[in-house]
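So you know, we letter chains A, B, ... as the sequences are listed, proteins then strands, and number each from 1. This structure is a prediction, so every number in the text was calculated from the model and none was measured.
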Amino acid sequence: MNDPKQPSTWLSWVPLFVLFLSLVAVVVVYFVVPGDAMTHLKVITGYVTLMLLFFFGLMVLFAIARGTIDLSHLLSEAGGGASMSRFQLLIFTFVIAFSLFLIIVSSDPMKFPVIPAEILTLLGISASTYAVSKGIQASSPTLRKDDNGDSTVTVQKKTEVKEEEIAQGPTSSSSSSNG
Amino acid sequence: MALLARLTLFTGGAWLLGLAAIVLWQITSGRIAIAGLLTAKDADSRTSFSPARLQLLIFTVVIAARYLYQVFAHLGQTTLPPLPSSVVAALGGSQAVYLAGKAFAAYIQPLLKHLE
């Protein structure tokens, strides 16, 4: 099975594919779009930027889907379990983003809409709740404990001790073989 | 340039839909864990059902669904639909209840346990 953290061979061809598409766009615009050199430059810049953004976005989505960008702890909090404030911020972020997109698509001519102050307040309340919740979590030794009852400090110390034992392991075995 | 503008919009919308679909798929498949969303830990690290989290979840889902309905009902306008101040105040109150519950479990409960 492929290691999800290793980039796939076909993904490494994406930058070259974008370059090829950009060159095709340059040729097509030069011969098809009427106007002077400045008009051609504007249109070509627009299409090349769009293609770059499209493929960057596509690569990020593929990385998330394959697990290379790990979202498994997107909604987790420090002491284990899911965080309600993170969940709320996720829902409101997607709802506002979709609302913006729908309003822009449906308006004629297309333009960025005015965002009411209440919506900004809503997002601010949600983000502030997340920040305060994180602060309470970080400052409370009770809430930082994982399901085994170990605090994050205890878990870190255990990890450091284990790393020292692994580092000393080969040294002690090599000295015994030389002796 | 009109075609470029429409293609840009399509790209942005497709990316947003793709991201939402992937996040939703990972939540339903369990890769993004939501276990413990409605439970809270007490001073003894025991988990129990949290009414504060439930009321926050209900408020969040109701407000989000109602707002999306308003957006679909007001397509073609140049601004996002406004949100009544009372709804914002209610959400603020809901957040305060949730944070108060969290602060109680973090600071007051250990103190009471220590005094016993």
Going from CD1 on A/Ile103 to CZ on B/Phe72, what distance comes out if it is rounded to the nearest 0.5 angstrom? 10.0 Å
Please tell me if the side chains of A/Tyr47 and B/Thr8 come closer than 4.5 Å, counting only heavy atoms from C-beta onward. no
Starting at CE of A/Met84, measure out to NZ of B/Lys102 and round the result to the nearest 0.5 Å. 11.0 Å
Roughly how far, to the nearest 0.5 Å, is OG of A/Ser85 from CG of B/Leu99? 8.0 Å
Out of curiosity, A/Ser107 OG to B/Gln77 CD, how far, rounded to the nearest 0.5 Å? 11.0 Å
Closest approach of B/Thr60 and A/Gln88, non-hydrogen atoms and distance? OG1-NE2, 3.1 Å
Contact class of A/Phe101 relative to chain B, heavy atoms under 4.5 angstrom: side chain
Taking all non-hydrogen atoms of both residues into account, name the closest pair between B/Ile32 and A/Leu71 and its distance. CG1-O, 3.2 Å
The single option from A/Thr121, A/Thr129, A/Leu122 passing side-chain contact (heavy atoms from CB on, under 4.5 Å) against B/Leu91: A/Leu122
For a quick test of reading the model, state the closest non-hydrogen atom pair linking A/Phe94 to B/Val23 and the distance between them. CZ-CG2, 4.4 Å
Indicate if A/Val27 and A/Leu41 have the same hydrophobic cluster label, given that clusters are the connected sets of ILVMFWY residues with side-chain heavy-atom separations under 4.5 angstrom. no
Who among A/Gly46, A/Ser133, A/Gly57 has the most heavy-atom pairs with chain B under 4.5 Å? A/Ser133
Count the heavy-atom pairs under 4.5 Å between each of B/Ile27, B/Thr78, B/Leu38 and chain A, then report the option with the highest count. B/Thr78
Among B/Gly18, B/Ala20, B/Ala33, who wins on heavy-atom pairs under 4.5 Å with chain A? B/Ala20
Applying a strict 4.5 Å limit to non-hydrogen atoms, the region of B/Phe59 in contact with chain A is neither
Do A/Leu89 and B/Leu68 sit in the same hydrophobic cluster, where Ile, Leu, Val, Met, Phe, Trp and Tyr count as joined when their side-chain heavy atoms come under 4.5 Å apart? no
Is A/Phe56 linked to A/Leu58 within one hydrophobic cluster, defined over Ile, Leu, Val, Met, Phe, Trp and Tyr using a side-chain heavy-atom separation of less than 4.5 Å? yes
Counting heavy-atom pairs under 4.5 Å with chain A, which one of B/Leu16, B/Thr11, B/Leu56, B/Ile34 comes out on top? B/Leu16
Test side chain to side chain contact (heavy atoms under 4.5 Å, CB included) applied to B/Leu7 and A/Phe54, step by step: CA-CA 10 Å; B/Leu7 281 175; A/Phe54 173 75; over 6 Å; no
Return yes if some donor-acceptor pair links the side-chain N/O of A/Ser106 with the main-chain N/O of B/Leu75 below 3.5 Å, else return no. no
Heavy-atom pair with the smallest gap, counting every atom of A/Glu77 and B/Arg53: OE2-NH2, 3.0 Å
Can B/Leu4 be reached from A/Val28 by stepping across I, L, V, M, F, W or Y side chains whose heavy atoms are under 4.5 Å apart? no
Minimum heavy-atom distance between A/Pro116 and B/Leu80, given as atom pair plus value: CG-O, 3.4 Å
Does any non-hydrogen side-chain atom of A/Leu53 lie less than 4.5 Å from one of B/Trp15? no
Check the surroundings of atom CZ in A/Phe31: do more than 12 heavy atoms from other residues, nucleotides or ligands lie under 6.0 Å from it? no
Nearest heavy-atom approach of B/Gln95 to A/Ser126 is NE2-CA, 3.7 Å
Do B/Tyr67 and A/Ile119 have side-chain heavy atoms sitting under 4.5 Å apart? yes
B/Gln26 side, atom CD; A/Leu75 side, atom CG - distance, nearest 0.5 Å: 10.5 Å
Residue part contacting chain B, namely of A/Leu100, when any heavy atom lies under 4.5 Å: both
Using non-hydrogen atoms and a 4.5 Å limit, figure out which bit of A/Ile91 sits close to chain B: side chain, backbone, both or neither. side chain
With hydrophobic residues grouped by side-chain heavy-atom distances under 4.5 Å, do B/Val62 and B/Val87 end up in a single group? yes
Taking it one step at a time, do A/Ile136 and B/Tyr107 satisfy side chain to side chain contact (heavy atoms under 4.5 Å, CB included)? CA-CA 9 Å; A/Ile136 293 173; B/Tyr107 305 121; 4.3 Å; yes
